[in-house]
Amino acid sequence: MPQVLVTREMVDEAMHALEGQCEVDLYTGPPEAMPRDEFLKRANGKDGLLTMLSERVDAELLDAAGPQLKIVANHAVGYDNIDVAECTRRGVLVANTPDVLTEATADLTWALILACVRRIAEGDRFLRTETPWIWGPRMMLGHELYGKTLGIVGYGRIGQATAKRAEGFGMRVIHNSRSGGVPFDTLIAESDVISVHAPLTPETKHLFNADVFTRMKPTAVLVNTARGPLVDEAALARALRAGEIFAAGLDVFEREPQVEKTLLDLDNVTLVPHLGSATVQTRAAMGLFAVENLLNGIAGHRPRALVNPEVLT
Ligand code: DGY
C-alpha cells in the first residue's frame, strides 16, 4: 500500500475516500500547523503528501521526504506554501483544488464588504456590551454601495465571481490584474471598495502599504480574502486609526494564524479566521478533489489539477 501523510483532518467524505487506497498517517495534533520538525519526520518515506496551506513544502522538506515522493496535493487553490520549482526539479507533482471554492469565497468576500460598509461586526460587539442606546439619526452611519465603484485586484476565478455579484448592488466594477484592466493607481484612487484576489508572489507582497492607503479614498473599504502578506497589516492598522480609509475586512493574515495586535482594538476592521471556503459543500468538494489528485499522482496518472505539468514531459 502507498504511504501518505495527511497534515490535518479533512471532512468525513474526504477521509473516507482514502480508505483502502493507501496507508494514512494523519496528523491530529493541536490546531496550529504541524510543528516543522514533526512534518520533516513524518514526511519521510511517504509516496504522497496531502498538505494544507499552512505547511511549507520546500527543499528541506523534500529532502526529508525522500526520493519516493510522487505528489504534493494541496488542500487549497493557492499554493504559495509550496516551492513548485523545487518540486518540479525533483519530478514531484504538485496539485491544487481550483474552481470548487470560487463561489463560497466570493460569498465570503461580500459578507466582509457588507460588514465593513454597514458596520455589522461593530454593531454586534456594541450590543453585547449592554451599553444603553436608542435609535438616532447619527448612530453608527456607514456607506451605501449603490452607484459606487468596486475595484478588484486580481481578476481570476474568484475575482470575477466577486465582480458578478456587484451587479445586484448596482455597482460599477473596475479591475486590475497581470493581464489587464485599469492601472493599479487608477483603481486605488477611484474605488469605494477594493477587494483583493491576487496570488501571493514576491511582486504582490505588501501591494497594499502605507503609501497606497494615503492614495485611497477616506471613505474606502479594503477587503482581503486572498493571502495575508498582500497587505502590510501594521500600516493598515495605522491607516484605519488615522481615518485614511473607512474600514477593512480581513479573512487572511500576514503571519497567519497570528493577527497583528494593533488591529485588534480597532472597530473599523472586521476579522474572520480564513473562512473563505468554509462551507459544508465546498470543504467536501475540496477534500475529495485533493484526495483524487493525491491518488492519481501516486498511481502515476495525471492529477486533474496539476500545477507543474512540465514534470510529465
Ligand atoms: C485556498 O484554497 O487557497 C484558500 O485560501 C483556502 O480555502
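Numbering of ligands and ligand atoms starts at 1, following listing order.
Near L53, the atoms of ligand 1 lying under 4.0 angstrom from a non-hydrogen atom of the residue are 5 (O), 6 (C). In the vicinity of A76, heavy-atom distances shorter than 4.0 Å reach the ligand 1 atoms 1 (C), 2 (O), 3 (O).
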Would you please test R227 and E254 for salt bridge (charged side-chain N to carboxylate O under 4.0 Å, His left out) and show each step?
CA-CA 7 Å; R227 284 292 181 265; E254 207 179 328; over 6 Å; no
Take V311 and V92 through the side-chain contact (heavy atoms from CB on, under 4.5 Å) test and state the conclusion after the steps.
CA-CA 7 Å; V311 169; V92 174; over 6 Å; no
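Of the residues listed (R172, R215, K217), the one engaging E190 in a salt bridge (Lys or Arg N to Asp or Glu O under 4.0 Å) is R172, and it is the only one. Applying the side-chain contact (heavy atoms from CB on, under 4.5 Å) test between S195 and each of T162, L112, I158 identifies T162 as the sole match.
A distance-only check finds no donor-acceptor pair linking the side chain of D124 to the backbone of I120 [under 3.5 Å].
At least one N or O atom of V77, backbone or side chain, sits closer than 3.5 Å to an N or O atom of ligand 1. Ligand 1 has an N or O atom lying under 3.5 Å from an N or O atom of S277, backbone or side chain.
With a 4.0 Å heavy-atom cut-off, ligand 1 is reached by no atom of V252. Heavy atoms of M286 found under 4.0 angstrom from ligand 1 belong exclusively to the side chain. At a heavy-atom cutoff of 4.0 Å, ligand 1 is contacted by no atom of N96, backbone or side chain.
Here the protein heavy atom with the shortest distance to atom 4 (C) of ligand 1 is H274 NE2, 3.7 Å. Of the protein's non-hydrogen atoms, the one nearest atom 3 (O) of ligand 1 is R227 NH2, 2.7 Å.
Salt bridge D37/K41: absent, no basic N to carboxylate O contact under 4.0 Å.
At least one test fails for R42 against the ring of Y27: distance under 6.0 Å to the centre or angle within 45° of the axis.
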